[in-house]
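Inspection log for the structure reproduced underneath, given as structure tokens.
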Amino acid sequence: MPSEEPPYKKKKVNSQHSHSHASQNGFVNNYKLQQERRRLPIFTAKHKLTQQIRSLDTAIVIGETGSGKTTQIPQFLHEAGVHRGSIIAVTQPRRVAAITVSQRVAQESGTLLGHLVGYSVRFEDVTSESTKIKYMTDGMLLRESTLDPLMKRYSIIVLDEAHERTIHTDVLFGVVKKAQRDRKKKGLKPLKIIVMSATMDVDHFSNYFNKAPVLYLEGRQYPVQVFYSTTTQSDYVMAAVVTLFQLHRDHPPNQDVLIFMTGQEEIESTVRCIRDISKDMVGEGPPLVVCPLYAALPSHLQLKVFNKTPEGSRKVIVATNIAETSVTIHGIKFVIDTGVVKAKLYNPNSGLDLLKVVRISKAQALQRTGRAGRESSGTCYRIYTEEEFDSFKKNTVPEILRCNLSSVVLQLLALGISDIVNFDFMDKPSIESLIGAVHQLHSLGAVTKEDCIKLTPLGKQMVSFPLDPRLSKTVLIAKDNHCLEEILSIVSMLSVDSVMFTPQSKVSFHWFFKGSKVK
Ligand SMILES: Nc1ncnc2c1ncn2[C@@H]1O[C@H](COP(=O)(O)OP(=O)(O)OP(=O)(O)O)[C@@H](O)[C@H]1O
């Protein structure tokens, strides 16, 4: 059976409400935040937008990056009572976005995180009885839906950054749509669905969501100037590093730089390279603070990049696409976009997913550009030519069309959906890949294929593991084979990109390479 408990630990939420001890400082800060909110392009549309969303079952919202969709719309709906006392769930494709955005919205609403505003990501739940705006990863909402397919705790579900088309988001689209329809049929409280992005194929989304109206938000907060490389760059890492140091020489401190790379190893070697070069550049430009950012980095180190840069220095963040959507990193003035990403691709011969470096889509390029210009105007340097950009795909190919589907099929069966082939996918995977996934689950003993496809007791246990079905089965049978400890280590190693990272204590003396002594 799927476990009754969500697979994460509940963090203790401080019972004091920040209003009760609002200091003068807190008051001034909140006043400043309210001023910042008012300056967002979305603010002028607040009343109209709230009224429109109130009257619709489903809405597609499209607006420039940084216009205020993620942080403001849930607050507008809460303030206007559109949530009717229930919870507003806002999904994010990545945990770092769910955490940092919820922190920001809690600050803006003048409450402690975990009270009115909270978040739920794998292994961490910072919510309480009073939480009404809940930021969560799409994976968490999907897991919750296996316990409650009607999603009764929520009156509004906001599917943010819908253009990313992760496997979880795509399955959620169908699950949320079904919950909305089933609630209507059963005469339960209606479920409102809001789909948001800056860069999505609006017609495709609107058609899928029963011709839902598209609400366009006008305006962008700050301009971002885009520069293209004049020639094709064969070594994008070196080109990015050269661009960084040109910027570094010419611009004052506290104008920070975000560089997009593909993965942990490349990021670590780029970080080392930047630190080494910077040692020879004493006197040219302010001290550099170089930080990696990738999914395998421990959560507290990921969040460190969001800290304010020490006065008089420059922060350089070298990140994967986890910094691509939703996040606002304080101080970022320049983005260097290498135009590549590591994407999951399915190899039908081996039955395994592999990671391959591929070109990003135009939608991703726009999101990356959008990470500059969130607090003031910015600049984006694209390490590819304009002609190359023109050849990029308009939108990212949905992950569901590129990956092994056994987890998806397992999840759908746990939701009671046995007619997998006719599931309401926005973009249907091929029948062959769906059937291939069913065969794989059958050979693992997770499903029976008699009258209809059904989960076996083993399959039901496998659902509660956030793992590839082959790995969850391995864990489940390890105890009887007296090798649980060893298998747990092996499966843990197989479930992360890499377990190696350089602890901060070992690198911190490099951070201020200039103006301080490096031994
Ligand atoms: N953590 C933060 N710190 C400082 N400012 C922030 C933070 N989060 C948001 N902001 C401000 O709020 C603005 C709106 O952010 P928000 O995430 O709501 O925009 P968005 O329209 O959802 O953009 P995107 O599509 O890029 O996610 C940002 O441009 C920034 O000025």
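We count ligands from 1, going down the list as the structure has it; atoms in each ligand are counted the same way. Since this is a predicted model, take the numbers as computed values, not measurements.
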Quiz item: Does R371 pair with E324 as a salt bridge, N-O distance under 4.0 Å?
Solution: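 Looking at E324 together with R371, the answer is no, because their closest N to O distance does not fall below 4.0 Å.
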Donor-acceptor list for residues 338-345 side chains, cut-off 3.5 Å, not counting sequence neighbours:
residue : atom : partner : partner atom : Å
T338    : OG1  : F260    : O            : 2.6

Quiz item: Name the residues with a heavy atom less than 4.0 Å from ligand 1?
Solution: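 Close residues (ligand 1, cut-off 4.0 Å): L40, E64, T65, G66, S67, G68, K69, T70, T71, R104, E161, Q221, S326, T328, R371, R374.
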Exercise. Output the distance between atom CD (E386) and atom OG (S229), rounded to the nearest 0.5 Å.
Key: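 E386 CD to S229 OG: 11.5 Å, rounded to 0.5 Å.
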Quiz item: Looking only at atom types and distance, does a side-chain atom of R104 sit under 3.5 Å from a main-chain N or O of T100, one as donor and one as acceptor?
Solution: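 Checking the backbone N and O of T100 against the side chain of R104, no donor-acceptor pair under 3.5 Å is found.
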Quiz item: With respect to H78, which candidate in I156, I133, V105, I73 satisfies the side-chain contact (heavy atoms from CB on, under 4.5 Å) definition?
Solution: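 So, applying the side-chain contact (heavy atoms from CB on, under 4.5 Å) to H78 and each of I156, I133, V105, I73, only I133 qualifies.
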Practice problem: Would you kindly say whether S326 and E161 are connected by a side-chain donor-acceptor distance under 3.5 Å? | Solution: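 Note: S326 and E161 side chains meet the donor-acceptor criterion.
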